[in-house]
Number of protein chains: 2
Amino acid sequence: MSNCILIALDWGTTNVRAALLDSNGNVLDERRGESGVGQFNRQQFEDNFDHLTKDWPNVPAIAAGMVGSRQGWMEAQYLPVPCDIDLLSNSLVSFEYNTRQITIVPGLKLDNGKRFDVMRGEETQLAGFLANQSGFTGTIIMPGTHSKWVRLVNGRITSFQTYMTGEFFDAVSEHTILRHSVSDHTGPDSLFAEKVNTLASGSGSIEGELFGLRARHLLEECDAGRLRQELSALLIMAELRAGQLDGFELNENVVLVGTETLTVFYETALEALGCNPQKFKGTALVWPALFDLALKAKLIEGPSA
Amino acid sequence: MSNCILIALDWGTTNVRAALLDSNGNVLDERRGESGVGQFNRQQFEDNFDHLTKDWPNVPAIAAGMVGSRQGWMEAQYLPVPCDIDLLSNSLVSFEYNTRQITIVPGLKLDNGKRFDVMRGEETQLAGFLANQSGFTGTIIMPGTHSKWVRLVNGRITSFQTYMTGEFFDAVSEHTILRHSVSDHTGPDSLFAEKVNTLASGSGSIEGELFGLRARHLLEECDAGRLRQELSALLIMAELRAGQLDGFELNENVVLVGTETLTVFYETALEALGCNPQKFKGTALVWPALFDLALKAKLIEGPSA
C-alpha cells in the first residue's frame with residue numbers, strides 16, 4: 001500500500017475502529033476491535049494496537065476517545081470549555097511506542113465550580129463538523145448512551161451538557177419493572193411519533209408517565225413493541241425538555257450528530273417541538289477530523305500541491 | 001392464646017408480615033416470611049400460609065398487597081378511582097381454604113383512557129390513615145420503590161400517581177456509570193439538605209445534574225458518600241417537581257406515609273420547597289386497617305361493649 005501516511009483510531013469504551021489513511025486523508029483500510037479501556041494495562045494496550053494494525057506500515061498514529069482517559073492507554077488531560085476547537089491541535093499528547101509516534105486527542109471538560117461535565121471522543125466529531133461550518137452558531141445534539149448537547153457561538157464551544165438518556169433507557173428497560181413490558185425495536189414508528197406529539201403539547205411530568213406504561217400493560221395487556229416505542233418517546237422528550245431548561249435554544253440552528261438509527265428518533269421528537277434539525281453521521285466525521293488534527297499538529301505532511 | 005379472632009397479612013412483592021389479632025385489634029403475635037408473589041403456584045401459597053400461621057388458631061385471615069394480584073394467591077380486581085375508601089370493605093374477595101375463610105383486599109386502579117395507574121397494599125395504609133382523619137383534604141405521599149401520590153378531597157380518593165423513584169435510584173446507582181461514584185448511606189445528611197435547597201431555588205434540569213455527579217467525581221475525586229446523598233437529592237426533587245407538574249398541591253395539607261428512613265429524606269426535600277408535612281409510619285397503619293375492614297365486612301365480630 002503506497003502513500004499511507006497516518007493511522008487513525010476511534011477508541012471508545014466498548015470498541016475501537018482503526019483506519020489507514022493516505023496523504024489525501026482517504027481511507028485505504030479499516031478494522032474494528034475490542035476497546036480494553038478500564039481493563040487493559042499498558043502492555044495490553046500495546047498488544048491490542050499491534051493486533052489492530054498488523055501488517056500496516058510504520059506511520060504515526062492518532063487516537064481519540066476513552067483511550068485518553070485515566071483508564072486508557074495514555075492520559076490526555078481535558079481541555080477546559082469555553083474554548084475554540086482549534087485548541088485541540090495544540091493540546092495533543094504524544095509518546096513513542098515501538099519507534100512510532102502515537103498521539104492522543106484530549107477530551108473537553110466543563111468546571112465552573114457549580115457545573116461539572118466531561119466528554120471524550122465527541123470533541124473530535126465536533127472538530128469534523130466545524131471543519132466545514134467554521135463559524136457555526138447553534139446547538140449540536142449528539143444522542144447516545146451519554147447524549148452530549150453542545151452550544152456553539154461563532155464556531156466557539158461555549159458550553160456543553162451530558163444527559164444519560166441511552167443509559168437510562170437500558171437501566172429502565174432491563175433493570176426495573178418495565179422490563180416485563182418492553183421489547184426490542186429498531187426505529188421510530190407511528191406510535192413514537194404520536195407519543196412525542198402528545199408530550200410536546202402536554203403539561204404533565206414524564207416521570208409520572210413511566211409507571212403508567214407498566215400500569216396500562218397490566219390493565220390492557222397492550223403490546224410490548226408499543227410500550228418500547230413509548231418508553232423511547234418519554235426518555236427522549238425528557239432529554240429535550242431538560243436541554244431547554246438548561247438554556248439550549250431549539251428555535252435556532254440545531255444539528256444532530258450520531259448514528260442513523262438514533263438520530264431519526266431525535267429528529268422525530270424535535271419535529272414535534274417545531275424544530276427541523278440538520279443530521280450528520282457521527283462516525284463519518286472522525287477520520288477527516290483526525291487527519292486534519294494530524295496535519296495541524298504537523299504529525300504528517302499534507303498532500304503536495 | 002385466648003381471644004384471638006383474626007389473622008392479618010401484609011403480603012407484598014418481596015416479604016410477607018403476619019399478625020394474630022385479638023378482639024380489640026391488639027397484636028398477640030407477629031411473624032415474617034418470604035412473599036412468593038410471581039413465583040408460587042396456588043399450592044405453594046397455601047403451604048406458605050400454613051408455615052406462617054403454624055400453631056395459630058383456626059380464625060379468619062385477611063390479606064392486603066400483591067398477594068391479590070394476578071401473580072398472587074387469589075386475584076382481587078382493582079377498585080376504580082375516584083372512590084371512597086369505604087368501598088374497599090364491599091369489594092373484598094373471600095375463599096375458603098382448609099375450613100378457614102381467607103379474604104383479600106383489592107388494589108386501586110386509575111384508568112381514564114389517558115392515564116393508567118395501579119396500587120396494591122398502599123390502599124390499606126390509606127384506609128388506616130383515613131380511619132383517624134376521615135374528612136381529610138390534601139396530598140398523601142407514600143415514598144418507596146414505587147412512590148404513590150394520592151389526592152384526597154373530603155376523605156375521598158380523587159386521583160393518584162406513581163413515581164418509580166426508588167427503582168430509579170437502584171437502577172441508576174447499580175446499573176449505570178454512576179455505580180462507580182456512589183456508596184451506601186442510611187439517612188439524609190447536611191449535603192442532602194444543601195443539594196435539595198440548591199435545587200429548590202434553581203432552574204436547570206435534574207437530568208443534566210445526574211451526569212454532573214460522575215463528572216465531578218472524575219475531575220475532583222470527591223467522596224462517594226457525598227455523591228450518594230446528592231443522587232438521592234436529585235431523584236427525590238425530580239419526584240417532587242413531577243408531582244407538582246401533575247397537579248398535586250404542596251401548599252396545602254401534605255402527609256408522608258412510609259418508613260422512617262425514607263420519610264426523613266422526603267421531609268427534608270419538602271421543607272426546601274416550603275412545605276411541612278405530617279409523617280406516619282406506613283406499616284403501623286396496616287393492622288388497624290385490616291382489623292377495621294374485617295369488622296366492616298363482618299368477617300369477625302367486634303369487642304363486646
Side-chain angles (χ1 to χ4, degrees), chain A residues 13 38 69-70 78 107 109-111 114-119 145-149 161-168 170-178 180 198 202-220 222 235 238-239 241-248, chain B residues 13 38 69-70 78 107 109-111 114-119 145-149 161-168 170-178 180 198 202-220 222 235 238-239 241-248:
Chain A
T13 306
S69 69
R70 212 170 297 159
Y78 298 105
K109 73 173 172 185
L110 188 149
D111 175 359
K114 282 185 179 175
R115 282 226 304 113
F116 301 85
D117 214 324
V118 290
M119 69 164 70
T145 304
H146 297 157
S147 291
K148 305 288 178 185
W149 288 48
Q161 174 79 55
T162 302
Y163 302 101
M164 296 168 64
T165 308
E167 204 163 11
F168 284 151
D170 293 342
V172 167
S173 63
E174 290 166 21
H175 299 289
T176 74
I177 199 167
L178 292 176
H180 301 301
T198 308
S203 60
S205 80
I206 286 178
E207 288 87 347
E209 297 254 358
L210 284 168
F211 187 76
L213 296 185
R214 171 69 182 159
R216 198 179 62 210
H217 194 59
L218 286 173
L219 298 175
E220 291 196 343
C222 74
L235 294 180
E239 179 182 332
R241 283 189 186 181
Q244 291 173 286
L245 270 181
D246 293 330
F248 292 94
Chain B
T13 306
S69 69
R70 212 171 297 160
Y78 297 105
K109 72 172 172 186
L110 188 148
D111 175 359
K114 281 185 179 174
R115 282 227 302 115
F116 301 86
D117 214 324
V118 291
M119 69 166 68
T145 305
H146 297 157
S147 292
K148 305 287 178 186
W149 288 49
Q161 174 80 56
T162 303
Y163 301 100
M164 296 168 64
T165 309
E167 204 162 11
F168 284 152
D170 292 342
V172 167
S173 64
E174 290 167 21
H175 299 290
T176 73
I177 199 167
L178 292 176
H180 300 302
T198 308
S203 60
S205 80
I206 286 179
E207 288 87 345
E209 297 253 358
L210 284 167
F211 187 77
L213 297 185
R214 171 67 182 160
R216 198 181 60 210
H217 193 61
L218 286 173
L219 297 174
E220 289 197 342
C222 72
L235 294 181
E239 179 182 330
R241 283 189 186 181
Q244 291 173 284
L245 269 182
D246 293 331
F248 292 94

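This is a predicted model, so every value here is computed, not measured.
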Report task. State which residues pass side chain to side chain donor-acceptor pair (under 3.5 Å) with R216(A); sequence neighbours excluded, sorted by chain then number. Result -> E230(A)

Requested in this report: Evaluate the ring planes of F211(A) and H146(B), with Trp represented by its six-membered ring, and classify them as parallel (under 30°), tilted (30 to 60°) or perpendicular (over 60°).
Outcome: tilted

For chain A, which of [options] has the most heavy-atom pairs under 4.5 Å?
options                            : result
S203(B), A242(B), A238(B), S205(B) : S205(B)
G212(B), G243(B), G247(B)          : G212(B)
T198(B), V118(B), D170(B)          : V118(B)

Under 4.5 Å from a heavy atom of chain B, the part of [X] involved:
X       : result
L219(A) : side chain
K148(A) : side chain
E207(A) : both

Report task. Can you sort out the partners of F168(A) under ring-ring contact (aromatic ring centres under 6.0 Å, His included), two or more places apart, ordered by chain and number? Result ->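 Applying ring-ring contact (aromatic ring centres under 6.0 Å, His included) to F168(A) gives none.
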
Report summary line: The reported gap from CZ in R214(A) to CZ in F116(B) (rounded to nearest 0.5 angstrom) is 14.5 Å

Query raised in the report: Can a donor-acceptor pair be found between the side chains of Y78(B) and D111(B) at a distance below 3.5 Å?
Result: no

Report task. State whether the side chain of R70(A) and the backbone N or O of L218(B) hold a donor-acceptor pair below 3.5 Å, judged by distance alone. Result ->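 Yes: the side chain of R70(A) pairs with the backbone of L218(B).
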
Query raised in the report: Of the backbone (N, CA, C, O) and the side chain (C-beta and beyond), which part of L110(B) lies under 4.5 Å from a heavy atom of chain A, both, or neither?
Result: backbone

